[in-house]
Amino acid sequence: MVENLGDFRRDKYCGEISLEDVGREVRICGWVHRVRNHGGVIFIDLRDREGIVQVVVEEAKDPEVYEKADSIRPEWVIGVRGEVRRRPEGTENPKLKTGYVEVRAKEIRVFNTSEVPPFPVDEETHVSEETKLRYRYIDLRRESMKENLMFRHRFYQITRRFFEEEGFVEIETPFLTRSTPEGARDFIVPSRLHPGKFYALPQSPQLFKQILMIAGFDRYFQIARCFRDEDLRADRQPEFTQIDFEMSFVREEDVMEVAEKLVVRLFKDLLDIDLSRPFDRITYEEAVSRYGTDKPDRRFGLELVDLTDLFKESEFNVFRSAVASGGVVKAINLKGRNPSRKDIDDLTVFVRGLGAKGLAWIKLDQGKVTSPITKFLSQAEIEGVLRKMSAEEGDLILFSAGSWQEVHRILGALRTHLAEKYDLVNGSGWDVLWVVDFPLMEWDEEEGRFVSLHHPFTAPKEGDEEKLREALKVEDLEERKRIVHSVRARAYDLVINGEEVGGGSIRIHRRDIQDLVFRLLNISEEEAQEKFGFLLEALKFGAPPHGGFAFGLDRMVALMRGLDSIRDVIAFPKTQKGICMLTSAPDRVTPDQLREVHIKVVE
RNA sequence: GGAGCCGUAGUUCAGCCUGGUCAGAACGCCGGCCUGUCAAGCCGGAGGUCGCGGGUUCAAAUCCCGUCGGCUCCGCCA
């Protein structure tokens with residue numbers, strides 16, 4: 001039944017057969033997509049990487065081939081030798097690329113049979129993520145998944161060509177490296193040769209690319225795998241891919257220009273979309289105060305409006321005390337939707353889920369102001385709100401009061417939630433922008449110290465170094481916070497449609513500045529030496545001014561393909577618990593393996 | 001670490017609130033018929049640990065508790 005390949009040589013992909021092949025004999029190989037048996041004539045849709053072509057077998061003309069074809073089932077792997085012919089008039093299928101032709105089978109070879117697949121290889125059937133990942137090889141046979149990976153392939157090739165043209169050198173950096181204390185949790189790898197010692201998988205090639213600059217490579221890039229042992233999301237996998245690059249003797253603009261040119265190239269070549277350069281830039285401060293997030297989606301309005309001044313003296317305690325303790329009162333206006341009480345209650349549930357105590361609101365309904373809070377507000381305050389919010393009939397104004405961070409976090413999340421719920425994002429537009437002027441550090445309440453917003457190697461704005469020295473001299477913590485928070489970083493994030501697709505910075509190339517930053521981050525001399533000693537040392541041996549950038553490749557590809565989850569652009573992704581459904585990794589290893597790497601598992 | 005949704009035939013899902021003709025549909029699969037279909041059509045058939053464990057009850061897919069898994073989100077993470 002099952003035959004060897006033998007002398008059968010494919011000379012064309014199924015999906016590539018066209019009118020030009022009419023009259024020619026072809027050999028094609030592939031998977032049986034569908035069989036339509038009409039009794040006397042059998043149609044087999046044969047599928048390979050490039051597409052589907054219809055194979056026809058007629059009992060009257062080819063009785064032996066017919067008998068064989070009669071037993072063939074979906075997902076069998078077969079080879080067909082046959083003549084390409086134009087389909088009879090009226091039987092063309094314009095839905096197929098090959099729909100004007102068909103292959104009359106003169107010979108069929110069954111290379112392999114298949115069990116009935118756990119789910120059909122089509123676009124119509126919705127299959128659970130669990131099943132799809134367990135049988136990933138079948139899922140990947142589906143047209144859309146195949147397209148996703150082919151798109152990703154072209155993405156790589158364009159990227160490589162681009163960097164080559166721009167004079168960048170592709171260099172690989174190690175996977176087995178050392179643990180870094182800042183940032184995400186590391187995946188660690190035990191060492192057989194060094195009992196009790198561990199490698200770590202890199203969170204990014206950050207330090208290596210800086211060292212490559214010190215080594216003089218000047219312009220480096222890599223399509224690099226990165227590993228972070230943190231909880232997963234639709235846009236986060238434990239291993240993911242970055243387009244990483246670094247340049248010497250450059251300022252922010254130089255790095256951003258390269259990043260922009262790559263994005264423009266990718267959109268043009270892959271989607272035939274013209275993005276205009278330079279991309280918009282907004283400051284971190286502006287992004288957060290207008291949109292409540294450092295990765296704003298500007299395809300819809302719902303901007304945050306500051307009402308702090310209005311409520312300084314308010315009788316409404318919630319607002320007044322927020323202002324009194326240095327916080328803010330802000331609001332967004334959901335225009336003209338006239339939401340029901342139930343809708344508003346749902347929004348309250350939503351913000352509670354984000355940690356808000358409640359949701360104050362004012363609604364304009366049939367010329368009247370409806371609200372649970374107006375009884376605490378003066379007429380002047382109500383009028384002030386309505387004026388500042390440009391409130392009209394059917395509008396709903398939603399408030400948040402509290403610390404600057406808290407208010408923006410909640411209203412920012414509420415803003416995107418509303419946009420989704422009320423379908424405010426209009427169509428296919430692309431909102432591409434840079435967010436710049438990030439603070440260098442922020443105070444982390446939990447850790448009781450400053451932490452880097454990007455990473456500890458990000459340079460402060462030229463001229464701001466002095467502030468760092470000053471901050472170290474100040475004893476008073478609040479005063480020190482004030483000074484440190486005023487220091488801007490030479491960092492830049494690229495945001496597309498509200499998703500952070502990449503980020504980078506100009507790095508610190510001077511040992512004295514790096515020391516200063518470590519001191520402010522409360523990283524001791526000893527710790528810095530132990531963890532980054534190799535970088536600190538390298539900085540002493542002629543480190544050029546340098547900076548770079550890294551794109552989240554998976555996110556970019558998913559975004560460009562209009563997909564919500566990066567799992568769909570990764571051949572073998574993990575589940576939310578970090579499990580590979582295909583291989584069942586992670587799994588136990590044998591006691592021998594553990595002994596070899598000097599590990600004892602504590603239950 | 002936390003919240004929500006989901007888990008029933010190979011697949012997708014209904015049934016669950018209100019416990020008792022609740023083991024159901026569609027697709028797929030198997031068999032038959034059928035010479036131009038293309039998600040072929042028509043006729044017939046097989047197929048279930050209702051995720052798992054415990055509890056309540058005369059009786060549990062259905063109610064309760066626990067647990068495992070998938071997804072989404074918060075925390076976490078550039």
Side-chain angles (χ1 to χ4, degrees), chain A residues 33-46 52-61 66 73-75 87-96 98-99 102 115-135 138 182-186 203-204 206 226-238 240 242 244 294-295 349-356 409-410 413 416-417 420 435 438 444 446 451-455 458 491-495 499-505 549-552 555 564-565 567 574-577 579 581 584:
Chain A
H33 188 63
R34 274 197 186 89
V35 183
R36 291 176 297 282
N37 187 335
H38 284 248
V41 60
I42 295 175
F43 300 99
I44 297 169
D45 289 341
L46 194 61
I52 288 173
V53 72
Q54 173 166 285
V55 174
V56 194
V57 189
E58 287 171 85
E59 187 172 25
K61 291 180 183 163
Y66 183 87
R73 294 290 176 271
E75 299 314 309
R87 289 197 188 189
E89 204 168 334
T91 66
E92 301 91 349
N93 182 2
K95 280 191 276 183
L96 273 186
T98 62
E102 60 191 11
E115 286 187 18
V116 175
F119 52 89
V121 180
D122 64 24
E123 298 299 320
E124 291 78 25
T125 314
H126 175 263
V127 183
S128 74
E129 199 73 9
E130 208 172 343
T131 310
K132 280 170 36 165
L133 293 181
R134 170 139 180 243
Y135 300 99
I138 293 171
E182 293 285 292
R185 256 187 295 274
D186 290 311
Q203 296 175 22
S204 80
Q206 182 59 37
C226 306
F227 306 86
R228 287 175 194 164
D229 189 7
E230 295 292 346
D231 288 358
L232 274 42
R233 289 284 189 285
D235 64 351
R236 269 163 32 191
Q237 283 276 308
F240 60 98
Q242 281 188 349
D244 194 49
D294 61 358
K295 42 175 189 172
V349 170
F350 176 80
V351 296
R352 283 227 172 89
L354 297 167
R409 189 174 66 81
I410 287 168
T416 43
H417 177 74
E420 209 167 302
V435 178
F438 283 83
D444 186 313
E446 237 169 72
V451 293
S452 296
L453 236 72
H454 273 74
H455 51 61
T458 302
Y492 29 85
D493 273 3
L494 184 64
V495 177
E499 278 192 67
E500 188 210 316
V501 296
S505 63
F549 191 82
F551 286 98
R555 284 184 190 177
D564 292 328
S565 167
R567 285 188 301 273
K574 311 231 177 342
T575 68
Q576 200 177 33
K577 290 227 166 83
I579 288 166
M581 295 300 286
S584 301

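Numbered from 1 within each chain, the chains take letters A, B, ... in sequence-line order. All of these numbers come straight from a predicted model, not from anything done at the bench. Just so you know, these numbers use all the heavy atoms, side chains as well, and skip hydrogens, waters and symmetry mates.
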Rounded distance in Å between the [atom1] positions of [N] and [M]:
N      : M      : atom1 : result
C17(B) : G7(B)  : P     : 14 Å
A3(B)  : A39(B) : P     : 47 Å
C73(B) : U37(B) : C1'   : 47 Å
U8(B)  : U18(B) : P     : 23 Å
C77(B) : A60(B) : C1'   : 44 Å
A61(B) : A23(B) : C1'   : 9 Å
C65(B) : C5(B)  : P     : 13 Å
G55(B) : G19(B) : C1'   : 15 Å

*asked:* Go nucleotide by nucleotide along RNA chain B from the 5' end; which of Glu130(A) and Arg87(A) gets its closest nucleotide reached first?
replied: Arg87(A)
*Could you pick out which residue, Glu500(A) or Asp564(A), lies toward the 5' side of RNA chain B when each is mapped onto its nearest nucleotide?*
Asp564(A)
Checking contacts here: which listed nucleotide ([options]) is nearest the side-chain heavy atoms of [X]?
X         : options                : result
Thr575(A) : C71(B), G69(B), G28(B) : C71(B)
Leu354(A) : U72(B), U35(B), C74(B) : C74(B)
Arg73(A)  : A78(B), U12(B), C30(B) : C30(B)
Arg185(A) : C76(B), G28(B), C74(B) : C76(B)
His126(A) : G28(B), U12(B), C38(B) : U12(B)

At under 4.0 Å between heavy atoms, what does [X] touch on the DNA or RNA strands: base, sugar-phosphate, or nothing?
X         : answer
Asp229(A) : nothing
Leu453(A) : base
Glu123(A) : nothing
Arg134(A) : nothing
His454(A) : base
Ala550(A) : nothing
Arg233(A) : base
Glu499(A) : nothing
Thr91(A)  : base
Pro118(A) : sugar-phosphate
Arg228(A) : sugar-phosphate

*Shortest non-hydrogen contact from Ala234(A) to Asp564(A)?*
CB-O, 4.0 Å
*asked:* Minimum heavy-atom separation for Leu46(A) and Val55(A), please, with both atom names.
replied: CB-CG2, 4.2 Å
*Distance-only donor-acceptor test, Glu92(A) side-chain atoms vs G36(B) base atoms, 3.5 Å*: no
[N] phosphate, OP1 or OP2: any side-chain N/O from [X] under 4.0 angstrom?
X         : N      : value
Thr125(A) : G28(B) : no
Arg36(A)  : U37(B) : no
Lys95(A)  : A39(B) : yes
Gln203(A) : C77(B) : no
Arg567(A) : U72(B) : yes

Pairing check on [N]: which nucleotide meets the Watson-Crick or G-U wobble criteria with it, both distances under 3.5 Å?
N      : answer
U62(B) : none
G45(B) : C29(B)
C13(B) : G24(B)
C71(B) : G4(B)

*Has His38(A) got its ring stacked on A40(B), by the test of a centre gap below 5.5 Å and a plane angle below 30°?*
yes
For [X] and [N], give me the distance from atom [atom1] to atom [atom2], rounded to whole Å.
X         : N      : atom1 : atom2 : result
Arg236(A) : C76(B) : CZ    : P     : 10 Å
His33(A)  : U37(B) : NE2   : C1'   : 14 Å
Asp231(A) : G1(B)  : CG    : C1'   : 9 Å
Asp45(A)  : C38(B) : CG    : P     : 11 Å
Ile579(A) : G69(B) : CD1   : P     : 6 Å
Asn93(A)  : A40(B) : CG    : P     : 11 Å
Phe43(A)  : C34(B) : CZ    : C1'   : 12 Å
Glu59(A)  : U37(B) : CD    : C1'   : 16 Å

_Classify the ring geometry of Phe350(A) against His417(A): parallel below 30°, tilted from 30° to 60°, perpendicular beyond 60°._
parallel
*Indicate the ring-plane relationship of Tyr492(A) and Phe549(A), choosing parallel, tilted or perpendicular according to the 30° and 60° boundaries.*
parallel
*Less than 4.0 Å between a side-chain N and a carboxylate O, is that true for Asp45(A) and Arg36(A)?*
yes
*Can Arg236(A) and Glu230(A) be counted as an ion pair, charged N to O under 4.0 angstrom?*
no
*asked:* Tell me whether Arg409(A) contacts the main-chain N or O of Leu354(A) through its side chain, where contact means a donor paired with an acceptor under 3.5 Å.
replied: yes
*Is the number of heavy atoms from other residues, nucleotides or ligands within 6.0 Å of CD (Glu123(A)) greater than 12?*
yes
*Strictly by modelled atom types, are His33(A) and Asp122(A) linked by a side-chain donor-acceptor pair under 3.5 Å?*
no
